[in-house]
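Okay, so here's the structure we're looking at.
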Number of protein chains: 2
Amino acid sequence: MTQQAEMTELEHTSTIHDHSGCREKAIHTAEKLCSQRGVRFTPIRREILELIWESHRAIKAYDLLDRIKPHMGSAKPATVYRALDFLLEQGLIHKVESLNAFMGCSYSDHRHDQLLLVCVQCHEVEERPGERVMEAIAMELEQAAFTMQRKAIEIHGICGRCASSSSSSSRAAN
Amino acid sequence: MTQQAEMTELEHTSTIHDHSGCREKAIHTAEKLCSQRGVRFTPIRREILELIWESHRAIKAYDLLDRIKPHMGSAKPATVYRALDFLLEQGLIHKVESLNAFMGCSYSDHRHDQLLLVCVQCHEVEERPGERVMEAIAMELEQAAFTMQRKAIEIHGICGRCASSSSSSSRAAN
DNA sequence: TTTTGATTGTTACAATATAACATAGCTATC
DNA sequence: GATAGCTATGTTATATTGTAACAATCAAAA
Ligand SMILES: [Zn+2]
Ligand SMILES: [Zn+2]
Ligand SMILES: [Zn+2]
Ligand SMILES: [Zn+2]
């Protein structure tokens, strides 16, 4: 209820690196994995994954819907959610539970749990393996006699870039 | 999309311990803290907190609404969400992000981060301090140059009780 | 080619959450 | 006690997020 930077739908590409490479790599990995697994990487699924990879921000289902509608008049909520379900099942994206939003997985070639660092200023989300954290959780669960099925570990705060550029300029710039 | 035990609204009290003690303790702590802080623990807020503490399960906002309506014809979504906002601000409850639901805080006399163990069978949620996990996260964040504001750490799986009683009987019994 | 299962289209709706403004109730002074 | 200002609640409306159900289409396999 406090801060919520207002940004247009277009200010979403990172200024930090050549981001188109991220998207292309992700799509290529998705093609390979789907082929290996005998599941279909259909045009809708590809387009949703591409849209998700247009930034390192998590994106909401209805924002995805708005963006595919120009290309796909027939798109409806179910269109988007079905593609998201598929991408989640295949481990190609993650859901950020605390945002009700979705982001591309940076390590989709193997199943894993992830630590998500959500910047409340630039809204980028960094995925980290966090091995030490996962080990500590495993120990905790053993103590608790709890059998894990899945984890959601999400940290909200200020990323390093925002912190260093924080005096004033270029805030919320990507 | 796999399991979702169907339970009536009434099967929500734990069979494991004298649960009324949990609720009374929580209400007493809430009274004390609100008084110390000079904030008002109004009847609506108290009733919502009592309802949340009717079980160790996380409860959804609209289920709370259904339950207070008999006593409060005027109750509307905003009634519930405002009480929830207050209780969250005061650290008396936690939101389980991965369920869009709310649970009583077991350690509300001091601010803390928590590890939530969500049983997908009996739907109880256990809150643990998880100090080792928090330390590991702190180290990870230092490496990542990330300044934390808040955490959500939620594990879904099977609790010890459900695992031991799992052959058949008394499943989903509380 | 036919069949079968998976995918998509379509409609309708359920579930979760907030905005905005009006009314009522406390609390602190005068 | 009056009254002014702040907090809490009532009320209406709407925004956002997510599913159910069934029909139509497409694609892989037999
Ligand atoms: Zn990942
Ligand atoms: Zn940032
Ligand atoms: Zn707590
Ligand atoms: Zn259980």
Side-chain angles (χ1 to χ4, degrees), chain A residues 1-4 6 9 30 34-49 51-52 58-69 71-90 92-103 152, chain B residues 1-4 6 9 30 34-35 37-49 51-52 58-69 71-90 92-103 123 152:
Chain A
M1 215 65 59
T2 43
Q3 73 282 82
Q4 196 60 272
E6 296 294 334
E9 291 297 318
C34 289
S35 163
Q36 285 173 4
R37 295 171 183 168
V39 296
R40 293 169 56 198
F41 193 49
T42 63
I44 290 176
R45 291 164 177 178
R46 170 191 297 262
E47 191 161 7
I48 293 292
L49 187 58
L51 286 171
I52 288 173
I59 186 170
K60 287 170 172 285
Y62 277 73
D63 290 340
L64 288 167
L65 181 55
D66 291 342
R67 295 206 194 167
I68 53 170
K69 262 194 179 146
H71 319 152
M72 280 197 55
S74 70
K76 304 264 177 325
T79 315
V80 171
Y81 280 105
R82 287 195 284 226
L84 290 171
D85 285 345
F86 173 85
L87 296 170
L88 286 168
E89 279 165 12
Q90 297 302 321
L92 297 168
I93 62 174
H94 297 297
K95 179 170 186 180
V96 186
E97 300 285 355
S98 53
L99 297 176
N100 295 320
F102 303 86
M103 60 178 296
Chain B
M1 217 64 59
T2 40
Q3 72 283 81
Q4 195 60 269
E6 296 294 334
E9 292 295 319
C34 290
S35 164
R37 294 170 185 169
V39 296
R40 293 168 56 197
F41 192 49
T42 64
I44 291 176
R45 292 163 177 177
R46 171 191 296 264
E47 191 160 9
I48 294 291
L49 187 58
L51 287 170
I52 287 173
I59 185 169
K60 288 172 171 281
Y62 276 73
D63 290 340
L64 288 167
L65 181 55
D66 290 342
R67 295 206 194 168
I68 53 169
K69 263 195 178 143
H71 319 153
M72 281 198 53
S74 69
K76 305 263 178 325
T79 315
V80 172
Y81 281 104
R82 287 196 284 227
L84 290 171
D85 286 345
F86 172 86
L87 297 170
L88 286 168
E89 278 164 13
Q90 298 302 320
L92 297 168
I93 62 173
H94 297 299
K95 179 170 186 180
V96 186
E97 300 284 356
S98 53
L99 296 176
N100 296 319
F102 303 85
M103 62 179 294
H123 294 181

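Quick note on labels: first sequence line is chain A, next is B, and so on, each numbered from 1.
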Taken to the nearest whole Å, CD/A:Gln90 to C1'/C:dA6 is 13 Å

Those residues at least two apart in sequence (or on a different chain) that pass side-chain hydrogen bond (donor to acceptor under 3.5 Å, both in side chains) with A:Ser98 are A:Glu154, A:His156

In whole angstroms, the gap separating C1' of C:dA14 from CG of B:Asp63 amounts to 13 Å

Across all chains, not counting sequence neighbours, the side-chain contact (heavy atoms from CB on, under 4.5 Å) partners of B:Ala61 are B:Val80, B:Tyr81, B:Leu84, B:Phe102

A:Arg82 meets the salt bridge (charged side-chain N to carboxylate O under 4.0 Å, His left out) criterion, sequence neighbours left out, with none

A:Asp85 CG to C:dA6 P, in whole Å, measures 15 Å

Atom CG of A:Leu65 and atom C1' of D:dT19 are separated, to the nearest Å, by 15 Å

Closest non-hydrogen atoms of B:Lys95 and B:Leu88, given as atom of the first, atom of the second and distance, are N-CD2, 3.6 Å

For A:Glu47, the salt bridge (charged side-chain N to carboxylate O under 4.0 Å, His left out) test, sequence neighbours excluded, returns none

Can you find a pair of side-chain heavy atoms, one from A:Thr79 and one from A:Leu65, that are under 4.5 Å apart? no

Distances for protein N or O near nucleotides 7-12 of chain C N or O, under 3.5 Å:
unit_1 : atom_1 : unit_2  : atom_2 : d
C:dT7  : OP1    : A:Arg45 : NH1    : 3.3
C:dT7  : O5'    : A:Arg45 : NH2    : 3.4
C:dT8  : OP1    : A:Thr42 : OG1    : 2.7
C:dG9  : OP1    : A:Ser74 : OG     : 2.9
C:dG9  : N7     : A:Arg82 : NH2    : 2.6
C:dG9  : O6     : A:Arg82 : NH1    : 3.0

- Item | A:Tyr62 over D:dT16, stacked by centroid distance under 5.5 Å, angle under 30° | no

When rounded to whole Å, the CG to C1' distance for the pair B:Leu84 and C:dT18 reads 13 Å

Sequence neighbours excluded, the answer for side-chain contact (heavy atoms from CB on, under 4.5 Å) partners of B:Thr42 is B:Arg40, B:Ile44, B:Arg45

Would you say whether B:Tyr81 stacks on C:dT18? The test is a distance between ring centres of less than 5.5 Å and an angle between planes of less than 30°. no

**Asked** OP1 or OP2 of C:dA15 sitting under 4.0 Å from any side-chain N/O of B:Lys60?
**Response** no

From CZ of A:Phe41 across to C1' of D:dA27 the rounded distance in Å is 18 Å

Is the phosphate of D:dG18, meaning OP1 or OP2, less than 4.0 Å from a side-chain N or O of A:Asn100? yes

When rounded to whole Å, the NE2 to P distance for the pair B:His71 and D:dG10 reads 15 Å

